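I have placed the structure first, in the form of structure tokens, so that the comments after it can refer back to it.
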Amino acid sequence: MPTTENSVSNYNIVSLIRKKREGENLTKDEINYLIEAYTRDELPDYQMSAFLMAVFLKGMNDDEASALAYAMLHSGKVMDLSSIPGIKVDKHSTGGVGDKLSLILAPMVAAAGVPVPMISGRGLGHTGGTLDKLESIPGFDVNLNLDRYVEVIAKHGIVFIGQTEDIAPADKRLYALRDVTATVECIPLIASSIMSKKLAEGIDALVLDVKHGTGAFIQETSGALQLARRLVDIGSQFDKNTVAFLTGMNQPLGNKIGNWLEVEESIECLRGDWPDDVREVTLLLAGSMIHQGGKADSLDEGIRKAIQTIEDGSALQKFREIVIEQSGDVSVIDRPETYTKASYSADFTAAEDGVVSRINAYLVGMASLELGAGRKEKSESVDPVAGIVLHHKMGAKVKKGETIATLYTNKEAQLETAIKLMNEAYELGGEAVDYGPLITHIVDKTGERPFDYSKVPALKSR
Ligand code: URA
């Protein structure tokens with residue numbers, strides 16, 4: 001693990017920026033100094049911006065990325081959950097469209113006896129965020145303080161909160177700066193940012209869902225693999241059992257996109273009514289967490305235990321329990337059909353006969369954002385009922401005029417733009433593009449390898 005011992009407190013900031021600009025590697029102490037000075041407001045945004053751009057252009061090696069994660073982690077509180085029995089495991093996804101998996105797998109894993117402390121984020125660009133989805137449940141409070149965070153995880157084995165001011169504050173400020181200086185899409189910066197927050201939660205182990213494909217932030221498989229390696233490497237350096245899976249985001253996950261719509265689909269899944277793709281990736285990640293949490297001897301056994309929590313109703317019960325604990329209205333979980341409806345809806349229909357050959361997930365995410373499910377500006381609020389229900393996905397045969405998707409919004413004027421985006425997103429042709437298996441690689445501390453479905457028969461069993 002990186003150490004800050006012997007840190008020198010008087011570096012010349014311009015020389016550090018120049019050093020990185022010339023492609024040299026910074027030491028742990030130098031990185032720590034930069035982050036400490038920035039957190040104390042002794043280093044202005046313009047110098048930090050120059051440093052970030054130098055990192056963006058010249059990169060960072062594994063040691064530098066770990067040192068950056070360490071410095072950001074220690075800019076705030078690091079939670080200690082050692083008083084709570086069990087191996088605490090969380091999950092992080094690099095973000096996708098229709099990705100509601102946290103809502104489903106956290107109660108499954110907790111019901112299997114593995115505590116899941118989850119600090120999540122809000123929607124970012126075309127992708128949704130767990131906090132926005134949870135807040136679509138009337139009354140659900142994600143703003144628990146850290147004492148309550150520990151109390152709730154101790155009581156229920158599950159908790160959902162947002163990043164507080166105390167959790168990796170340097171990352172919070174740096175992320176906002178990266179957003180306005182075109183330095184977001186940088187693998188070492190992304191990896192250290194994600195891991196600083198996850199490590200602050202007090203976890204013992206972590207599973208990572210690294211997306212690639214049209215709806216992912218990093219679309220190329222090679223880039224996603226590089227990110228996965230970096231994330232696992234940082235986790236391992238901090239002695240956390242970290243496993244990453246590369247999963248496809250070449251079409252939205254599941255059939256519902258939008259905040260409440262995704263909660264609704266999660267409830268359906270918790271009741272055992274799954275879209276195939278959501279089932280496959282959720283079971284994989286939940287199974288891995290149960291295995292990493294010491295409640296199963298193999299990934300396959302973890303998956304079987306995850307399935308059991310659906311079949312015996314304990315996962316749904318756990319979800320109800322946490323909704324009640326965090327002040328949410330459980331009546332909408334029990335009767336989702338009573339939830340407020342959007343004022344306007346419109347059908348997106350097929351322009352011709354054909355097979356849905358391709359769906360650009362990014363454009364579907366943008367259509368959902370236009371309807372009100374996401375934010376164009378950070379200060380905007382999201383509309384819980386806005387979103388899209390997909391009736392047909394890749395491989396489906398459709399007839400001219402048939403409804404492919406239904407769009408929901410409270411902003412009628414946005415329907416036209418959203419329908420246009422859906423038209424661009426959907427391609428009809430003779431057959432569907434073959435993107436290969438949904439799960440492509442596994443990366444852990446022993447290295448990376450293609451995912452072998454034959455080793456996990458439980459994944460495809462029904
Ligand atoms: N999510 C994060 O938390 N940080 C990044 O840099 C990108 C995505």
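Quick caveat: nothing in here was measured; it's all calculated off a predicted structure. Read the numbers this way: they start at 1 and go in the same order the structure lists the ligands and their atoms.
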Practice item. Only pairs at least two apart or in different chains count here, so list each ring-ring contact (aromatic ring centres under 6.0 Å, His included) that has a residue in residues 215-237. Key: His126-Phe217
Practice item. Could you pull out the closest heavy-atom pair between Ile87 and Pro115, with the gap in Å? Key: O-CD, 3.5 Å
Check your understanding: Are the side chain of Lys211 and the backbone N or O of Asp209 linked by a donor-acceptor pair below 3.5 Å?
Key -> no
**Study point:** Atom-level proximity to ligand 1, residues with heavy atom under 4.0 Å
**Key:** Tyr175, Arg178, Ile190, Ser193, Ile194, Lys197
Check your understanding: Do the rings of Phe238 and Tyr70 sit parallel, tilted or perpendicular, given the 30° and 60° boundaries?
Key -> parallel
**Study point:** Test item: Leu206 and Met195 side chains (from C-beta on) under 4.5 Å apart, heavy atoms
**Key:** yes
**Study point:** Over 12 foreign heavy atoms within 6.0 Å of CD, Glu220
**Key:** no
